[in-house]
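Hydrogens, waters and symmetry mates play no part in the numbers below; they use all other heavy atoms, side chains included. Remember, it's a predicted structure, so these values are computed and weren't measured experimentally.
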Amino acid sequence: MTCRIIPCLDVNAGRVVKGVNFTDLKDAGDPVERARHYSDEGADEITLLDVSASTEQRSTMLDVVSAAASQIFVPLTVGGGVRSVDDVSRLLDCGADKVSVNTAAIADPSLIERVASRYGDQIIVLSLDARRTPEGVSTTSGFEVTTHGGTRSSGIDAVEWANRVAELGAGEILLNSMDADGVQGGFDLEMLGAIRSTVSIPLIASGGAGTTDDFVQAAQAGADAVLAASVFHFGTLTITQVKDAMARAGIAVRL
């Protein structure tokens, strides 16, 4: 199996945005143009997350999903504001290949089972926004799940939640380190290793990419795919540079 490289488009008010720890957001372009560019550049997949949908209690922007899906030739994962099986159906009808759920699955874990039962586990990605457990919150692993785009504490142990969603039928887990998000100081390898050691479904590492070595280290720590945003949006790295570095390190990638 090859390790996948996945650019992430965080979309807010119709524009790609990126900040540090989900704050101080900067405009990073039009989501459809970005999706087409990354598809042409050699991305293995593209993830589009409507980052304000859950907080604003609205559905994902279907027009953006449809437009992006029509312009690319790689799998498209879409998330943000997904609360029901019907929401998943609408996104698939708009061209999404996989659908990511987060906040709604915590409120109602049976959503994972119901989506997997209707469409198969291969289309459901559990987005797990986790951070090191803050003072006053107790978790077994030392990592806690957050909700609503990382703005709210859940008190749920991240490793225990990862195990549960795998049992419920999630096809893969998108593990985003909220502490490392946008910092470009490297992926949280300790968190990645803790979850990799307990689940067998594919694991996507997210949060912290700054250099090609960061991608290599995440793959060596057990990531089946590595997702990044800032380094691609603002020209720090190209997908080709990342794949070349991974190939030199002996990691199988699609060239």
dist Ile123:CD1 -> Leu91:CG (nearest 0.5 Å) comes out at 9.5 Å
Applying side-chain contact (heavy atoms from CB on, under 4.5 Å), can you list everything that pairs with Ser70, at least two apart in sequence or on another chain? none
If hydrophobic clusters are built by linking Ile, Leu, Val, Met, Phe, Trp and Tyr wherever their side-chain heavy atoms come under 4.5 Å apart, do Val65 and Val32 end up in the same one? no
What's the shortest heavy-atom distance between Cys3 and Val253, and which atoms? O-CG1, 3.8 Å
Reported OG-to-CG distance for the pair Ser117 and Leu168, which is rounded to 0.5 angstrom: 12.5 Å
Ignoring hydrogens and angles, state whether a donor on the side chain of Ser154 or Glu144 is under 3.5 Å from an acceptor on the partner side chain. no
Quick one: salt bridge (charged side-chain N to carboxylate O under 4.0 Å, His left out) pairs with a partner in residues 102-119, sequence neighbours left out? Asp108-Arg114
Asn163 meets the side-chain contact (heavy atoms from CB on, under 4.5 Å) criterion, sequence neighbours left out, with Val159, Thr198, Val199
Rounded to the nearest 0.5 Å, what separates atom CZ in Phe232 from atom CG in Leu227? 8.5 Å
What pairs meet the salt bridge (charged side-chain N to carboxylate O under 4.0 Å, His left out) rule with one or both residues in residues 236-252, with sequence neighbours excluded? Asp44-Lys243
Can you confirm whether Val82 sits close enough to Ser100 that some side-chain heavy atom of one is under 4.5 Å from a side-chain heavy atom of the other? no
List the residues meeting side chain to side chain donor-acceptor pair (under 3.5 Å) with Ser39, not counting sequence neighbours, and say none if there are none. none
Taken in chain and number order and not counting sequence neighbours, the residues that satisfy ring-ring contact (aromatic ring centres under 6.0 Å, His included) with Phe143 are none
Are Tyr119 and Leu92 close enough that some pair of their side-chain heavy atoms sits under 4.5 Å apart? yes
Non-hydrogen side-chain atoms of Asn102 and Leu174 separated by less than 4.5 Å: no
Could you walk me through whether Arg4 and Glu172 pass the salt bridge (Lys or Arg N to Asp or Glu O under 4.0 Å) test, one step at a time? CA-CA 13 Å; Arg4 293 165 286 151; Glu172 58 186 338; 3.0 Å; yes
Go through the steps for Val99 and Val125 under the test side chain to side chain contact (heavy atoms under 4.5 Å, CB included), then give the verdict. CA-CA 6 Å; Val99 176; Val125 179; over 6 Å; no
Would Thr77 and Leu48 satisfy side chain to side chain contact (heavy atoms under 4.5 Å, CB included), going step by step from the backbone distance to the final call? CA-CA 6 Å; Thr77 299; Leu48 188 156; over 6 Å; no
Between Pro31 and Leu9, the two heavy atoms sitting closest are O-CD1, 3.5 Å
Quick one: list whatever passes side-chain contact (heavy atoms from CB on, under 4.5 Å) with Thr140, sequence neighbours left out. Asp157, Glu160
Nearest 0.5 Å, please: how far is OG in Ser127 from CG in Leu175? 9.0 Å
Can you sort out the partners of Glu33 under side chain to side chain donor-acceptor pair (under 3.5 Å), two or more places apart, ordered by chain and number? none
Taking all non-hydrogen atoms of both residues into account, name the closest pair between Asp87 and Arg83 and its distance. OD2-N, 2.8 Å
With Ser197, which residues qualify under side chain to side chain donor-acceptor pair (under 3.5 Å), at least two apart? none
Using modelled atom types and a 3.5 Å cut-off, is there a donor and acceptor pairing between side-chain atoms of Thr146 and backbone atoms of Asp129? yes
Reported CG-to-CD1 distance for the pair Leu126 and Ile201, which is rounded to 0.5 angstrom: 7.5 Å
Do Arg132 and Asp188 meet the salt-bridge criterion of a basic N to acidic O distance under 4.0 Å? yes
So do Ile46 and Val74 actually touch side chain to side chain, heavy atoms under 4.5 Å? yes
Can you name the nearest heavy-atom pair linking Pro7 to Ala43, along with the distance? CD-CB, 3.5 Å
May I have the step-by-step check of side chain to side chain contact (heavy atoms under 4.5 Å, CB included) for Arg131 and Ser153, ending in yes or no? CA-CA 9 Å; Arg131 65 181 177 184; Ser153 170; 3.2 Å; yes
Side-chain donor/acceptor of Arg34 to backbone N/O of His233, under 3.5 Å: yes
Quick one: side chain to side chain donor-acceptor pair (under 3.5 Å) partners of Asp121, sequence neighbours excluded? none
Side-chain heavy-atom pair Ile204, Pro202 within 4.5 angstrom cut-off: no
Here the pair of heavy atoms bringing Ala223 nearest to Ala205 is CB-CB, 3.9 Å
Which pairs, with at least one residue in residues 216-227 and sequence neighbours excluded, count as a side-chain hydrogen bond (donor to acceptor under 3.5 Å, both in side chains)? Arg196-Asp224
Could you tell me whether the side chain of Val115 reaches within less than 4.5 Å of the side chain of Leu111, counting heavy atoms only? yes
Could you please spell out the steps behind the side chain to side chain contact (heavy atoms under 4.5 Å, CB included) verdict for Val11 and Val17? CA-CA 6 Å; Val11 179; Val17 296; over 6 Å; no
Report yes or no: do Met246 and Leu255 belong to one cluster of Ile/Leu/Val/Met/Phe/Trp/Tyr joined by side chain heavy-atom distances under 4.5 Å? yes
Salt bridge check, Arg90 against Asp93: does any charged N sit closer than 4.0 Å to a carboxylate O? no
Check whether any side-chain heavy atom of Leu76 sits under 4.5 Å from a side-chain heavy atom of Val78, and report yes or no. yes
Looking only at side-chain N and O atoms, does Thr133 offer a donor or acceptor that is under 3.5 Å from a partner on Thr139? yes
How close do Leu128 and Ala158 get, counting heavy atoms only, and between which atoms? CD1-O, 3.7 Å
Are the side chains of Ile251 and Val216 in contact, using a 4.5 Å heavy-atom criterion? yes
Do the rings of Phe215 and Phe187 sit parallel, tilted or perpendicular, given the 30° and 60° boundaries? perpendicular
Just grab all the side-chain hydrogen bond (donor to acceptor under 3.5 Å, both in side chains) pairs involving residues 201-211, residues at least two apart or on different chains. Asn176-Ser206, Thr211-Asp214
Got a second to check how far Ile173's CD1 is from Trp161's CH2, nearest 0.5 Å? 10.0 Å
